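These numbers come from a predicted model, not from an experiment. Order of the sequence lines fixes the chain letters, A, B, ..., with proteins taken first and strands second; residue numbering starts at 1 for each chain.
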Amino acid sequence: MAEETLAKAYDFRSTEQRLYKMWEQSGYFKPANDPRKPGFDPSKKPFVISIPPPNVTGELHLGHAMFVSMEDLMIRYNRMKGVPTLWVPGTDHAGIATQMLVERKLADEGVKREELGREEFLNRTWEWKDFYAGRITQQIRRLGASCDWTRERFTLDDGLSKAVREAFVRLYEKGLIYRGPRLINWSPLLKTAVSDLEVEYSEEAGKLYYFKYMLADKSGDFIPVATTRPETILGDTAVAVHPEDERYQKYIGKEVVVPMLNRIIPVIADEYVDRKFATGAVKITPAHDPNDYAIGEKHHLPMISIMDESAHINANGGPYAGMDRFDAREKLWADMKAAGLVIKETPHTLSVPRSQRGGEIVEPMISTQWFVKIQPLAEKALEAVKSGETKIVPERFTKVYYNWMENIRDWTISRQLWWGHRIPVWYCEDCGEMIAAREDPTECPKCKGSRLHQDEDVLDTWFSSGLWPFSTLGWPEETPEYRYFYPTSVLETAADILFFWVARMMMFGIEFTGKPPFHTIYLHGLILDENGQKMSKTKGNVVDPLPVMDELGTDALRFTLLVGSTPGQNSNLSLKKVEANRNFANKIWNAGRFVLSALNQAPQTASGKPEWTLADSWIWAKLNALIRDTDRLFTNYQFGEAGRQIYEFFWGDFADWYLEIAKVQLAEGGDRAYFTAQTLVRVMDACLRLLHPFTPFVTEELWQALKRTAMEKGFSTYAAHQPWEDALIIARWPESGPAEGWEDGKIGEFNQVQEIVRTIRNIRSEKKVQPGRKIAAILTAGDKVDLINAQAKVIAALAGIDPGALSIESTLEKAPENAISAVVSGIEIFLPLSGMVDSSEEKERLNRELQDVRSQIERLEKLLSSDFANKAPAQVVEKERQKLQTFKETAEKLTSQLTNL
RNA sequence: GGGCGGUUAGCUCAGUUGGUUAGAGCGUUGCGUUGACAUCGCAAAGGCCGUAGGUUCGAGUCCUAUACCGCCCACCA
């Protein structure tokens, strides 16, 4: 069979799609232990993630790329650990967002939603959904997401819709859902109620308008009042002052006249009023302000709505009826000015409530809506985290979660939209009965009348997303999947969605299944641009993940997102980083190519028992330490740090050092070459396994090639007893064992070799020795002479020394003349570079060195004679003693080198 | 008004049981076509770890205060 050759550079373009298809078609994304299949073992505890379902409105963005990378990492890791693993994919109908986009598209065609009618509009929206849901899931596949697509769900599926109805009716029956008129946030643009969470406050420049509230007794006396929204004057039903405010006490109980409308309203006293703010007198508009609403209820004031659903003034606004709210503001103010009621206007910054989706100013209004009585649900959700049943990573977010749950208010769940789950409530036109039902009712249970009509409203999108972890598994049916995979393991999502989604899932999960829906909540931060700015279209700093993947590869993007992030912390993304990681993928590739060629040239059997070189032992010890660290870090959700360490090992230890040494060892041929090849395969194999959850494509591609060649040549996997699996995606995760006694020693010895090599390279570079030129060297190593002697070839090869001209002695009678000298770890290095030695320059260099070493000696002597020696652990003290010893030897040798000059 | 996060090399960031000369990538400066890799290699420069106290034998790491930047929550007309 011809030797397999790989392209010189890693070509992700020809790899990614092919491998993804292979994985998916081989069924690797499905849980190995499937309750629907024979041989199912219920004793195996599964690892389950429900995907945060992307909205069907849009295109892949970095937020998606982040959570897909992170979740795929966890899923692949667990799959390789041999845990039955399930990642449930799906999409969200995203009520408001989608309806808005479809309406916008219709508007471009000159059609209004109302003209189309509900049914036709929904047809159009389903068409939209079919196109965009397919696109977004395709884009998620490109990221390498190993979710089980056979279980893909959509929030408006039949099954999930059934779950929504069940949930609604259960809450209704428990009295936890109610309907009634309340002050809610109204979006005049979308003409629907929105919840408190869907309102964002922005600081904006505005004005404070001061005017006169004339007394009704025609005395000409007035109370000065200030407002930021003059148009709400039309809905005023009282003026409030502080009960102890001496300025206004005399007015309490009197009446004043609403400007321009001449309605008579009372002056009331309430401690809510801040005497120091503005005039210390407040106009009260219960129907259009949350604070005023509370006061209105307390004082039994009438509530006068002055706006219609598009925020135009209604008939209650008298002459202003029909005007837009902001036009009315101006007109009313002008009229008041003309009537002599205006005092002044001052600039004032106010926090303006804007709709999260449309951006328009939200109007507080009285409206009949459906609400969830949330407190009983919140209490249990709070308890689940307090008891530790569910953990939040990073931990600091538990406080945020507590704070929100403790101050939660009833949730407005009805939306005046068409796209969504219709509220499962019917009204009897004969007797007025209200019926909440799991199945569409045909007659009224009370009067048996058949004239029923369903509530027109739909539910808040988050109502259905709140059921996601269990509705996707078949709930309310007790399906085998639900029984086995629920509760899920980790809920991984962006920190900014904690209240919207995570909190609701916690509440609903506990309410409906009796169990918190996941044991861990892992929150990642936002992806910002390279300057730490939020990405936004208006700023033009949005990085689109698709072209990044096109240009630099999926692995590079994934690695950048994963390694650049710490739990809960925002991270800045720059293309430079992705480029650097593209280079890393290529580095992996080329190291793999080298290993393959080594396998092809090395003997396929050994004649004797394994004999490991220092480098072999060293790389093995480092690998074991790496596996241990990776395990520890993964357990603590420190994925970024784990990735970083694997990267450093791979590039800094394996590629930079071991591969270079392997070239020397392979050249020796025989058993040495055989065992070197074996070490190469095993370390490479282990690295590919460790890297796979981060960079699945390049590792799988390379691993397949490695496996083919290794099997052909009879080389084993990293674990010797572990046979080569079918694919890396389902290969076993390297097992970590405790550190063995010899490991630290080998690492320490090898470090000395590295130091020697670095020192010689340094001198060469400083002295501008031509890179190709082999030079001579004399080392004196004292009692380390055997150790260093064994590494002669390695040192010669790595430091550019002529092996024939390298001599290693324990001591020298007389220092070599005309040589550049250095001392490292007590080992002397002499480089006889005739003609290049400038003794005064050398003196200076050695003196600098000596000074450095002496200050270290001084530092350590001081340290060791301090309390440190008795109080610090013996091991730590011993380490410092050793260092001191080495420095002393070094100083001695430097001194003698100086005298020789 | 409350809460949280950040402040470490020119830039972007790591650094989680506190261990004693602080790391990476990019950038900068030299040098380099040694058959894995120029998407690379070798070498170098570059850091009172925001400031002030404290705990400790020992603090980038723990505690307190403080400054600046950012975020979240909250009903100030």
Touch class at under 4.0 angstrom, heavy-atom based, for Thr227(A) against every strand present: sugar-phosphate
Salt bridge Arg558(A)-Asp555(A), side-chain N to carboxylate O under 4.0 Å: no
Where Val578(A) and Thr560(A) come nearest, the two heavy atoms and their spacing: CA-OG1, 3.3 Å
Sugar-phosphate, base or nothing in reach of Asn570(A), heavy atoms under 4.0 Å: nothing
Sidechain N-carboxylate O distance under 4.0 Å for Glu345(A), Lys207(A): yes
Touch class at under 4.0 angstrom, heavy-atom based, for Asn291(A) against every strand present: base
Sugar-phosphate only, base, or nothing, as touched by Arg764(A) at under 4.0 Å among non-hydrogen atoms: nothing
Nucleotide nearest Asn403(A) when distance is taken to its side chain, options rG15(B), rC73(B), rC37(B): rC73(B)
Sugar-phosphate only, base, or nothing, as touched by His348(A) at under 4.0 Å among non-hydrogen atoms: sugar-phosphate
Below 4.0 Å: OP1/OP2 of rA36(B) and any side-chain N or O of Lys663(A): yes
Same-atom distance (C1') from rC11(B) to rA52(B), integer angstrom: 29 Å
Side chain to side chain donor-acceptor pair (under 3.5 Å): pairs with one or both residues in residues 275-286 of chain A, sequence neighbours excluded: Thr232(A)-Lys283(A), Asp236(A)-Lys283(A), Asp236(A)-Thr285(A), Lys283(A)-Thr285(A)
Touch class at under 4.0 angstrom, heavy-atom based, for Pro771(A) against every strand present: sugar-phosphate
Carboxylate-amine/guanidinium proximity below 4.0 Å for Glu861(A) and Arg881(A): no
Lys/Arg-Asp/Glu bridge criterion (N-O < 4.0 Å) met for Lys576(A), Glu579(A): no
Donor on one side chain, acceptor on other, His242(A) and Asp270(A), under 3.5 Å: no
Over all atoms of both residues, closest heavy-atom pair of Ile588(A) and Leu702(A): O-CD2, 3.3 Å
Sugar-phosphate only, base, or nothing, as touched by Val273(A) at under 4.0 Å among non-hydrogen atoms: base
RNA chain B-proximal residues of residues 575-583 of chain A, any heavy atom under 4.0 Å: Lys576(A), Lys577(A), Ala580(A), Arg582(A), Asn583(A)
Whole-Å C1' distance, rG5(B) and rA44(B): 36 Å
Closest-nucleotide 5' rank along RNA chain B - winner of Arg758(A) and Gln569(A): Gln569(A)
Integer angstrom distance from the P of rG19(B) to that of rG58(B): 15 Å
Proximity to the side chain of Thr228(A) - top-ranked nucleotide from rA77(B), rC72(B), rG19(B): rA77(B)
Separation of the P atoms in rU61(B) and rG50(B), to the nearest angstrom: 8 Å
Trp651(A) side chain near rG41(B) phosphate (N/O to OP1/OP2, under 4.0 Å): yes
Inter-nucleotide C1' distance (rG15(B), rA24(B)), Å rounded: 10 Å
Touch class at under 4.0 angstrom, heavy-atom based, for Tyr201(A) against every strand present: nothing
Aromatic plane relationship, Phe639(A) with Tyr637(A) - under 30° parallel, 30 to 60° tilted, over 60° perpendicular: perpendicular
Sugar-phosphate only, base, or nothing, as touched by Ala294(A) at under 4.0 Å among non-hydrogen atoms: nothing
Separation of the P atoms in rC62(B) and rG6(B), to the nearest angstrom: 10 Å
Canonical and wobble pairing (Watson-Crick, G-U, under 3.5 Å) of RNA chain B, dot-bracket with |: (((((((..((((.....[...)))).(((((.......))))).....(((((..]....))))))))))))....
Nearest-nucleotide pick for Ala872(A), side chain only, options being rG41(B), rC57(B), rC37(B): rC57(B)
Closest to the Asn586(A) side chain, choosing from rC4(B), rA38(B), rU39(B): rU39(B)
Contact under 4.0 Å: Arg761(A) side-chain N or O vs rA43(B) OP1/OP2: yes
Salt-bridge contact Glu878(A)-Lys883(A) (side-chain N to carboxylate O under 4.0 Å): no
Residues Glu766(A) and Arg761(A) bridged, charged N to O under 4.0 Å: no
Proximity to the side chain of Asn590(A) - top-ranked nucleotide from rG19(B), rG15(B), rA36(B): rA36(B)
Salt-bridge contact Arg229(A)-Glu363(A) (side-chain N to carboxylate O under 4.0 Å): yes
Side chain of Tyr272(A) (C-beta onward), nearest among rC72(B), rA38(B), rC75(B): rC75(B)
Sugar-phosphate only, base, or nothing, as touched by Asn762(A) at under 4.0 Å among non-hydrogen atoms: sugar-phosphate
Interatomic distance at C1', rU33(B) relative to rG60(B), whole Å: 43 Å
Touch class at under 4.0 angstrom, heavy-atom based, for Leu208(A) against every strand present: nothing
rG41(B) phosphate, OP1 or OP2, under 4.0 Å from Lys587(A) side-chain N/O: yes
Sugar-phosphate only, base, or nothing, as touched by Leu659(A) at under 4.0 Å among non-hydrogen atoms: base
Centroid-centroid distance, Phe649(A) to Tyr647(A), less than 6.0 Å: no
Phosphate contact (rU21(B) OP1 or OP2) by Lys883(A) side-chain N/O below 4.0 Å: yes
Closest-nucleotide 5' rank along RNA chain B - winner of Glu766(A) and Lys871(A): Glu766(A)
Protein-nucleotide distance (Tyr248(A), atom OH; rA77(B), atom P), rounded to Å: 17 Å
Nearest-angstrom distance, P atom, rA22(B) to rA59(B): 14 Å
Touch class at under 4.0 angstrom, heavy-atom based, for Glu660(A) against every strand present: base
Shortest side-chain distance from Lys399(A), nucleotide among rA36(B), rG3(B), rU21(B): rG3(B)
Sugar-phosphate only, base, or nothing, as touched by Phe887(A) at under 4.0 Å among non-hydrogen atoms: base
